[in-house]
Amino acid sequence: MSEKVIVCKEIELAELDKKHFLHPTSPVQQQQEQGPAFIFKKGEGVFLEDVKGNRVMDGMSSLWNVNIGHGRKELGQAAQEQMNQLAFSSCFATFSNEPAIRLAAKLAEISPGNLSTTFFTSGGSEANDTAYKLARHYWILRYMPEKKKIISRKKSYHGVAMGATSATGLKPFRDFTNSLAPDFYYTENLSAKALRETIETEGPETIAAFIAEPVQGAGGVHIAPDNYFKEVREICDDYNILFITDEVITGFGRTGKYFGIEHYGVVPDMMCFAKGVTSGYAQLGGVMLSESIFEDFKELSTGTLLHGYTYSGHPMACAVALKNIEIIENENLIENAKKMGDEMLRGFKWIQGERNIVGHVRALGLMGAVEINSKPMGQGPLSPRIVAEAARQGLICRSVVFDDMDILVFAPPLSINKQEIDLLIETLNKSICSIEQGL
């Protein structure tokens with residue numbers, strides 16, 4: 001294809017994009033003024049290629065989710081084989097299919113503790129909304145209907161469905177709408193003492209559940225102190241409150257363990273997942289319940305469980321998930337995430353020593369953050385400018401500027417190697433240097 005044809009195609013696509021595509025979590029004015037930042041056509045490993053032939057490193061696994069990397073034909077083959085045999089069938093009215101059954105059993109095998117039963121959804125927001133509804137319904141079944149409040153943490157992100165938005169601890173997401181779901185409350189993000197105080201203030205007899213990400217992702221990659229979740233587990237037990245972990249980002253190897261909560265040696269009552277379960281190759285999420293919670297459902301639920309999505313237990317998506325998990329295990333990607341995460345953190349620390357505007361750096365597996373000290377410079381947040389410069393230099397990363405933060409966050413595919421980590425660090429350093437020199 002000639003360069004002229006490529007340019008014409010890009011212009012055509014950009015104009016169609018501006019006219020017809022309302023983008024998720026994007027500035028509408030920027031889209032209208034500048035068009036799409038990239039129009040991607042191909043992915044391979046940790047790299048993406050746009051319609052102009054530009055190749056960039058995907059330092060975010062797109063949306064924290066392409067765990068096994070781009071361009072894995074095995075997942076396409078798994079999808080095709082399942083679609084040729086059974087593309088879709090409903091799981092309502094106890095109908096079922098083999099991929100959903102096999103995946104539910106596999107999840108019980110790999111998940112921490114006694115998490116044993118899965119309710120499938122299409123993604124993370126649905127998974128979180130489902131967890132809130134199941135928690136509240138659980139207490140109705142237990143003859144404690146007054147237990148309906150959900151406590152989450154400040155700086156948390158739980159999705160954009162109505163319940164998930166209401167649980168999100170980042171205020172700008174809640175301010176997007178003028179009518180939130182009721183009975184959601186927020187506590188300090190890294191203080192078990194604050195959680196206990198919030199419970200006491202609200203009344204433990206009114207609280208259904210506490211939800212937390214093992215590592216806060218979209219809120220800036222905040223890693224909990226070592227004993228935090230053990231104290232949280234004890235507090236929830238003390239007050240008869242369900243403990244829900246949101247593993248939508250941290251699941252399936254991202255942090256160097258299968259699930260992020262495993263770093264802390266505790267088991268939740270419910271666990272939400274999505275993203276990495278299929279590495280983004282198909283839309284799938286879910287909520288896992290502990291054996292004891294499920295036993296109560298089996299004993300106390302006498303009618304129809306009136307909650308379900310059209311695509312709960314989607315056979316093709318579940319088949320893709322099974323193949324994805326097989327690849328994660330066969331290629332030792334969880335161990336690689338731990339090793340390459342250590343390398344990434346070493347690189348962050350090197351940049352910290354080289355660049356004056358870099359503050360605290362941190363990582364757990366391949367989930368990391370670089371804080372930018374923009375306030376002493378009398379500047380506004382600098383991380384968005386660094387993200388734009390990095391994109392020009394061939395690296396996709398993300399900025400977090402909510403709640404007066406100025407943070408760069410990273411989550412490259414778990415398949416990344418040492419050479420690619422070195423390229424990530426080199427490109428990031430150049431990008432920060434470019435912005436720093438322009439101050």
Side-chain angles (χ1 to χ4, degrees), residues 112-113 115 127-129 131-136 138-139 142 144 146-159 163-171 173-174 180-251 255 259-272 287-290 292-293 362 364 402-405:
L115 293 166
N128 280 298
D129 268 30
Y132 313 142
K133 287 182 72 174
L134 289 179
R136 287 165 169 164
Y138 173 78
W139 292 118
R142 292 280 306 273
M144 289 181 266
E146 68 280 2
K147 289 176 74 68
K148 58 184 180 178
K149 295 176 182 175
I150 307 294
I151 298 176
S152 63
R153 300 190 292 166
K154 296 177 181 178
K155 294 186 170 65
S156 66
Y157 177 81
H158 298 293
T165 294
S166 302
T168 289
L170 296 165
K171 191 171 180 292
F173 283 93
R174 304 198 305 272
L180 293 168
D183 297 314
F184 287 88
Y185 298 83
Y186 318 97
T187 192
E188 293 300 325
N189 66 323
L190 299 177
S191 169
K193 180 183 177 182
L195 173 61
R196 188 179 290 275
E197 291 172 351
T198 302
I199 292 169
E200 290 284 357
T201 299
E202 295 302 324
E205 72 282 357
T206 70
I207 298 169
F210 170 67
I211 185 167
E213 304 155 277
V215 179
Q216 291 184 311
V221 185
H222 301 287
I223 302 169
D226 289 343
N227 291 325
Y228 174 77
F229 282 111
K230 286 186 177 179
E231 294 177 27
V232 163
R233 177 73 271 182
E234 291 171 2
I235 290 169
C236 288
D237 290 341
D238 288 345
Y239 292 106
N240 200 23
I241 292 168
L242 298 181
F243 175 33
I244 306 169
T245 52
D246 178 347
E247 296 266 7
V248 170
I249 287 176
T250 53
T255 67
F259 296 94
I261 199 64
E262 293 180 90
H263 289 279
Y264 302 99
V266 300
V267 179
D269 300 299
M270 297 184 186
M271 182 175 77
C272 304
V287 182
M288 295 197 71
L289 310 180
S290 69
S292 59
I293 297 295
R362 54 188 174 272
L364 187 63
F402 308 115
D403 294 342
D404 210 27
M405 293 184 282

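Heavy atoms only: backbone and side chains are in, while hydrogens, waters and symmetry mates are out.
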Just to verify, what does Lys230 make a side chain to side chain donor-acceptor pair (under 3.5 Å) with, not counting sequence neighbours? none
Which atom names give the shortest non-hydrogen contact between Ala212 and Phe229, and what distance separates them? CB-CE2, 3.8 Å
Taking side chain to side chain contact (heavy atoms under 4.5 Å, CB included) as the test, write out the residues that go with Arg142, two or more places apart. Tyr138, Trp139, Met144, Asp296, Leu300
Ile244 and its side chain to side chain contact (heavy atoms under 4.5 Å, CB included) partner, picked from Leu134, Val287, Ile211: Ile211
Would you compute the distance between atom CD1 of Ile293 and atom CE of Met270 and round it to the nearest 0.5 angstrom? 5.5 Å
Within the structure provided, determine whether Ser152 and His158 are in side-chain contact (heavy-atom separation under 4.5 Å). yes
Do you know which two heavy atoms are closest between Ile235 and Ala192, and how far apart they sit? CD1-O, 3.4 Å
Show, in sequence, the C-alpha distance, side-chain angles and deciding distance for Glu213 and Thr250, and conclude whether the side chain to side chain contact (heavy atoms under 4.5 Å, CB included) test is met. CA-CA 8 Å; Glu213 304 155 277; Thr250 53; 5.6 Å; no
Could you grab the distance from atom OG1 of Thr187 to atom OH of Tyr185, nearest 0.5 Å is fine? 13.5 Å
Donor-acceptor check, side chain of Glu247 to backbone of Gly260, threshold 3.5 angstrom: yes or no? yes
Checking Glu205 side chain against Glu146 main chain: does a donor-acceptor pair fall under 3.5 Å? no
Quick check: do Thr255 and Pro214 have side-chain heavy atoms less than 4.5 Å from each other? no
Is the distance between the ring centroids of Tyr264 and Tyr228 less than 6.0 Å? no
At what distance, to the nearest 0.5 angstrom, does OG1 of Thr206 lie from NZ of Lys149? 3.5 Å
Looking at every heavy atom in both Ser290 and Leu115, which two are closest together, and how far apart are they? N-CD2, 3.8 Å
Quick check for you: to the nearest 0.5 Å, what is the distance between Ile151 atom CD1 and Phe184 atom CZ? 11.5 Å
Arg233 and Asp269: salt bridge (Lys or Arg N to Asp or Glu O under 4.0 Å), yes or no, with the steps? CA-CA 10 Å; Arg233 177 73 271 182; Asp269 300 299; 2.9 Å; yes
Of the non-hydrogen atoms in Arg174 and Ser166, which two are nearest, and what is the gap between them? CD-O, 3.9 Å
For residues Thr245 and Phe259, determine if any side-chain heavy atom of one lies less than 4.5 Å from a side-chain heavy atom of the other. no
Out of curiosity, Lys171 NZ to Phe402 CZ, how far, rounded to the nearest 0.5 Å? 13.0 Å
Quick one: does Phe210's side chain get under 4.5 Å of Arg153's, heavy atoms only? yes
Can I get a per-line list of side-chain donor-acceptor pairs under 3.5 Å for residues 215-225, giving both atom names and the distance, sequence neighbours left out?
unit_1 : atom_1 : unit_2 : atom_2 : d
Gln216 : OE1    : Asn189 : ND2    : 2.9
Gln216 : NE2    : Lys154 : O      : 2.9
His222 : NE2    : Gly219 : O      : 2.9

Considering all heavy atoms, the nearest Cys272-Ala127 contact: SG-O, 3.8 Å
Are the side chains of Lys155 and Met405 in touch, meaning some heavy atoms are under 4.5 Å apart? yes
Shortest non-hydrogen pair, Tyr186 vs Thr168, comes out as CE2-O, 3.7 Å
Gap separating the CD1 atom of Ile241 from the CD1 atom of Ile199, nearest 0.5 angstrom: 3.5 Å
